[in-house]
Protein chains: 2
Amino acid sequence: MVKLLFGDCKDKLKEIDSNSIDLILTSPPYANQRKNTYGGVYPDRYVEWFKPISDELYRVLKHTGTFILNIKENVIEGQRSLYVMKLVISMVDNNWIFTEEFIWHKKNSFCGKWPNRFRDSWEHLYQFNKNKKFNMFQEFVMQDACESTKNRLKNINNKNDVKNLESNSNSGLKRNMFSCVNRDKVYPTNVIHCSTSTKNKNHPASFPEYIPEFFIKLFTEKNNVVLDPFAGSGTTIKIANKLNRNCIGIELNQEYYKMIDDYFKMRI
Amino acid sequence: MVKLLFGDCKDKLKEIDSNSIDLILTSPPYANQRKNTYGGVYPDRYVEWFKPISDELYRVLKHTGTFILNIKENVIEGQRSLYVMKLVISMVDNNWIFTEEFIWHKKNSFCGKWPNRFRDSWEHLYQFNKNKKFNMFQEFVMQDACESTKNRLKNINNKNDVKNLESNSNSGLKRNMFSCVNRDKVYPTNVIHCSTSTKNKNHPASFPEYIPEFFIKLFTEKNNVVLDPFAGSGTTIKIANKLNRNCIGIELNQEYYKMIDDYFKMRI
DNA sequence: CTGCACTATGAATCGCTAA
DNA sequence: GTTAGCGATTCATAGTGCA
């Protein structure tokens with residue numbers, strides 16, 4: 001099941017049944033950015049703006065469900081805004097359980113140089129729940145034990161690579177990599193390394209596919225329901241659909257809405 | 001100059017001159033439920049407990065100086081505490097400028113499994129200043145560029161790099177990489193990776209030493225003064241001393257104090 | 001099919017100038 | 001005064017094309 005709703009999620013969420021969603025995974029418009037395209041909420045009004053949406057999200061989420069919120073504070077006059085911290089505090093005041101903060105390390109962050117700061121290379125991924133007990137399927141997101149040699153492992157069977165390794169050194173590198181192949185998988189940490197997508201040209205802030213895939217596998221099973229109230233270019237619900245989850249997307253912008261709609265029409 | 005003070009930093013800080021410190025770099029005791037642990041402060045009293053210390057730190061810091069605060073919220077009954085966010089908000093209320101949040105990604109090898117969360121592998125490194133202008137010596141913490149970038153910068157013939165080019169998004173980003181030709185070092189980002197590996201030539205320091213080294217090089221020059229009001233095992237002031245900075249350490253615990261004192265006596 | 005070179009671009013920020 | 005616009009700065013990664 002794929003359901004697409006066109007409109008402001010503050011209103012459209014009311015059409016969704018209570019306790020019906022297994023995973024909410026979204027990236028709302030950040031404060032005071034992208035004035036001409038999307039949202040454009042000022043930092044000092046952000047918490048107030050998000051409150052009614054947060055309440056609706058709480059209502060529609062199952063007791064075993066999870067809400068993943070992707071957000072990042074921008075710099076205003078040399079200071080990082082505080083609206084994100086205030087938002088988290090406000091959500092806890094409104095019954096949400098703040099279970100964990102994952103870090104999305106963006107490996108290919110923007111270039112640039114300033115006298116007072118380095119490039120911003122990470123974003124928040126807050127995990128909220130309604131209950132201390134919730135569904136979590138850790139075994140479906142296990143990773144290779146030797147993450148750093150993953151790329152080299154891909155080519156380990158290539159004759160040239162093996163030959164080069166053998167001839168180049170006595171380092172034992174080849175042996176080490178082969179031993180990694182047979183090692184058990186390990187659980188990930190709360191730092192997710194992932195580069196930003198460079199494919200999606202039409203949306204200024206689209207997720208790379210890895211992030212939604214990770215959380216959908218971690219927090220839902222097949223035929224569960226995934227919701228993205230700020231669907232944007234639709235990455236989250238496309239991945240959810242691909243992974244045989246039901247999904248609901250809400251999008252305010254007609255162009256983005258049509259893009260997602262067209263995508264699913266094409267696939268029928 | 002190495003100065004060691006034995007006692008509670010709330011009191012001992014009063015012995016330090018105003019506007020005399022170039023870098024404060026510390027990791028205060030984290031809030032804890034248990035009473036008898038070192039420094040044990042309850043989460044709901046943390047902000048209140050830190051306030052007089054924060055005020056003293058503000059007083060002793062130079063206008064061009066920086067305060068780096070390393071902290072991480074613990075989990076209490078399945079929830080991440082909010083005292084860290086409340087502390088940052090409180091410090092901004094008390095005149096501190098919240099310039100940046102670095103992420104310390106700890107590539108630790110701890111194993112462990114919990115039903116409701118993954119291994120915690122990062123900590124906050126908050127940067128506070130008294131002024132929007134402060135000393136920052138970025139060139140002293142530059143890192144090796146990745147191989148592909150190095151190769152590309154050797155012979156630029158990509159039209160996008162030579163010409164100014166507008167980005168597709170609204171960011172206004174333009175590129176003119178011509179000035180980067182033959183460069184092999186790049187500036188770091190605000191995500192700091194600490195590897196246990198000693199392979200990397202740029203990071204000869206062992207795991208816990210890299211963080212103070214990075215910030216001391218970034219925010220101070222030789223003969224500047226570095227302060228750690230919660231000196232602990234003394235890593236920060238040992239590194240500061242090694243890098244020819246003056247340093248002041250304050251430590252409440254007699255055992256730790258003696259350890260640091262012995263270390264510097266041995267070196268005379 | 002592989003290896004290598006080349007191309008495109010992503011939720012950026014600061015400081016100055018003009019209005 | 002305040003704000004809006006614009007130039008300057010500078011990486012890492014994934015995808016494409018071609019030998």
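All figures in this text were calculated on a predicted structure; none of them were measured in a lab. What you see below is based on every heavy atom in this structure, not just the backbone, and it leaves out hydrogens, waters and symmetry mates. Convention: sequence-line order gives letters A, B, ...; per-chain numbering from 1.
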Novice: Let's test your reading of the pairing rules: Watson-Crick or G-U wobble, both distances under 3.5 Å, then write DNA chain C as a dot-bracket string with ( ), [ ], | and dots.
Specialist: .|||||||||.||||||||
Novice: Does A/Lys113 have more than 12 heavy atoms from other residues, nucleotides or ligands lying within 6.0 Å of its NZ?
Specialist: yes
Novice: At 4.0 Å (heavy atoms only), tell me whether A/Ser109 reaches a base, stays on the sugar-phosphate, or touches nothing.
Specialist: base
Novice: Are there over 12 heavy-atom neighbours, none belonging to B/Phe137, within less than 6.0 Å of that residue's CZ?
Specialist: yes
Novice: Closer than 4.0 angstrom, basic N to acidic O: yes or no for A/Asp8 and A/Lys12?
Specialist: no
Novice: What orientation do B/Phe67 and B/Trp96 show, parallel under 30°, tilted 30 to 60°, or perpendicular over 60°?
Specialist: tilted
Novice: Assign B/Lys132 to base, sugar-phosphate, or nothing according to its heavy-atom contacts below 4.0 angstrom with the strands shown.
Specialist: nothing
Novice: In terms of side-chain heavy atoms of A/Ser27, which of C/dT13, D/dA12, C/dA11 is nearest?
Specialist: C/dA11
Novice: The side chain of A/Val75 lies closest to which of these nucleotides: D/dT13, C/dG15, C/dT13?
Specialist: C/dT13
Novice: Please give the distance between the P atoms of C/dA11 and D/dG7 as a whole number of Å.
Specialist: 23 Å
Novice: Is it true that A/Phe102 and A/Phe215 have ring centroids separated by less than 6.0 Å?
Specialist: yes
Novice: Just the rounded figure in Å: distance from C1' of C/dA12 to CG of A/Asn74.
Specialist: 10 Å
Novice: Among D/dT13, D/dC11, C/dC14, which is the nearest nucleotide to the side chain of A/Asn108?
Specialist: D/dT13
Novice: Side chain of A/Thr196: nearest nucleotide among C/dG10, C/dG15, D/dA12?
Specialist: C/dG10
Novice: Which word best sums up how the rings of B/Trp122 and B/His124 line up, parallel for under 30°, tilted for 30 to 60°, or perpendicular for over 60°?
Specialist: perpendicular
Novice: Using the rule for Phe, Tyr, His and the six-membered ring of Trp, do A/Trp114 and C/dA12 stack at under 5.5 Å and under 30°?
Specialist: no
Novice: Taking only the P atom of each, what is the distance from D/dT9 to C/dT9 in whole angstrom?
Specialist: 23 Å
Novice: Under 4.0 Å between a side-chain nitrogen and a carboxylate oxygen: does that hold for B/Lys106 and B/Glu123?
Specialist: yes
Novice: Heavy atoms from C-beta onward define the side chain here; which of D/dT9, C/dC14, C/dA12 lies closest to that of A/Phe110?
Specialist: C/dA12
